[in-house]
Amino acid sequence: QVQLVESGGGLVQPGGSLRLSCAASGSIFSIGAMGWYRQAPGKQRQLVATITSGGSANYADSVKGRFTISRDNAKNTVYLQMNSLKPEDTAVYYCNAAVSSRPGLGHFDYWGQGTQVTVSS
């Protein structure tokens, strides 16, 4: 079993910053890509940013230049630094990781429970 636990969400004013963290634990042999997705009320879940095990990052156009994804492979943790936040960034943010639990076993997608980010004055 693999668990992803997010932290760092909250209420912030427009223009402010937040840092999300997501730690993976449990039966982990290796972790491939990790990422952040978000879902606003009444909308579909959308990709925010992903990062490979080697550190290559990919971002949604709407967050490029404002958000930075990073990871600490030794801690099985992925981060999302969010700067210059806008009201339209308000959503529940979900962590995702592709995890292999033992040698020879493929990677399966796991999700965190989500953390609320609200950008409002």
Side-chain angles (χ1 to χ4, degrees):
Q1 194 74 355
V2 175
Q3 298 83 38
L4 301 181
V5 178
E6 299 123 336
S7 60
L11 173 64
V12 64
Q13 292 186 340
S17 297
L18 282 175
R19 189 192 194 209
L20 305 183
S21 300
C22 172
S25 62
S27 301
I28 298 171
F29 171 68
S30 70
I31 302 178
M34 304 182 80
W36 291 93
Y37 293 72
R38 66 186 181 188
Q39 188 167 17
K43 295 188 177 181
Q44 290 188 330
R45 190 174 297 187
Q46 61 178 197
L47 179 147
V48 176
T50 60
I51 186 168
T52 67
S53 57
S56 295
N58 178 59
Y59 297 92
D61 287 343
S62 58
V63 307
K64 282 181 181 176
R66 300 188 297 123
F67 291 10
T68 302
I69 189 170
S70 61
R71 63 191 283 173
D72 185 332
N73 291 331
K75 295 182 178 179
N76 292 333
T77 299
V78 63
Y79 306 94
L80 186 68
Q81 178 67 43
M82 303 185 294
N83 299 328
S84 303
L85 282 160
K86 305 175 180 180
E88 50 263 43
D89 294 318
T90 295
V92 178
Y93 283 70
Y94 296 91
C95 171
N96 170 266
V99 180
S100 172
S101 295
R102 60 177 184 267
L105 188 65
H107 289 77
F108 295 90
D109 271 347
Y110 291 88
W111 293 88
Q113 79 286 355
T115 185
Q116 177 70 47
V117 171
T118 302
V119 184
S120 175
S121 54

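Each residue takes its place number in the sequence, starting with 1. No experiment lies behind these values; they were computed from the predicted model shown.
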Next on the checklist: Show, in sequence, the C-alpha distance, side-chain angles and deciding distance for Leu20 and Val117, and conclude whether the side-chain contact (heavy atoms from CB on, under 4.5 Å) test is met.
Outcome noted: CA-CA 9 Å; Leu20 305 183; Val117 171; 4.1 Å; yes
Item to check | Residue pair Thr90, Ser120: steps toward the side-chain contact (heavy atoms from CB on, under 4.5 Å) verdict | outcome: CA-CA 8 Å; Thr90 295; Ser120 175; 5.9 Å; no
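In the hydrophobic cluster analysis, where Ile, Leu, Val, Met, Phe, Trp and Tyr join through side-chain heavy atoms closer than 4.5 angstrom, Val63 is grouped together with Val119. Neither Val92 nor Val78 shares a network with the other; the hydrophobic side chains, linked directly or stepwise wherever heavy atoms of I, L, V, M, F, W or Y lie under 4.5 Å apart, form separate groups for each. Following chains of ILVMFWY side-chain contacts shorter than 4.5 Å, one cannot reach Ile51 starting from Leu47, and the two form parts of different hydrophobic clusters. Put simply, Leu4 and Val48 are part of the same group of oily side chains (I, L, V, M, F, W, Y) that touch within less than 4.5 Å, one to the next. Taken together through direct or relayed side-chain contacts under 4.5 Å among Ile, Leu, Val, Met, Phe, Trp and Tyr, Tyr37 and Tyr79 form parts of separate hydrophobic clusters.
No donor-acceptor pair under 3.5 Å is formed between the side chain of Ser53 and the backbone N or O of Gly32. With hydrogens and angles disregarded, a donor-acceptor distance shorter than 3.5 Å links the side chain of Glu6 to the backbone of Gly114. In terms of modelled atom types and a separation under 3.5 Å, the side chain of Ser100 and the main chain of Leu105 share a donor-acceptor contact. Of the possible polar contacts, one joining the Ser101 side chain to the Ser27 backbone as a donor-acceptor pair under 3.5 Å is found.
Between Ser21 and Trp36 the shortest heavy-atom distance is O-CH2, 3.6 Å. Closest non-hydrogen pair, Ser84 versus Ser17, comes out as N-OG, 4.4 Å. Contact detail for Tyr59 and Ala57: the closest heavy-atom pair is CE1-CB, 3.8 Å.
Between the CZ atom in Arg19 and the OG1 atom in Thr68 there is a gap of 10.5 Å [rounded to 0.5 Å]. In this structure, the separation between OG1 on Thr52 and CG on Asn58 is 10.0 Å, given to the nearest 0.5 Å. To the nearest 0.5 Å, the span separating CE on Met82 from CZ on Phe67 amounts to 5.5 Å. In this structure, CG on Asn76 lies 8.5 Å from CZ on Arg71, to the nearest 0.5 angstrom. We find the CD1-CD distance between Ile69 and Gln81 to be 12.0 Å, quoted to the nearest 0.5 Å. Between the OG1 atom in Thr115 and the CZ atom in Arg38 there is a gap of 14.0 Å [rounded to 0.5 Å].
Salt bridge Lys86/Asp89: absent, no basic N to carboxylate O contact under 4.0 Å.
A perpendicular orientation is assigned to the rings of Trp111 and Tyr94, their planes being inclined by more than 60° (bins at 30° and 60°).
Heavy atoms from other residues, nucleotides or ligands lying under 6.0 Å from CD of Glu88 number more than 12.
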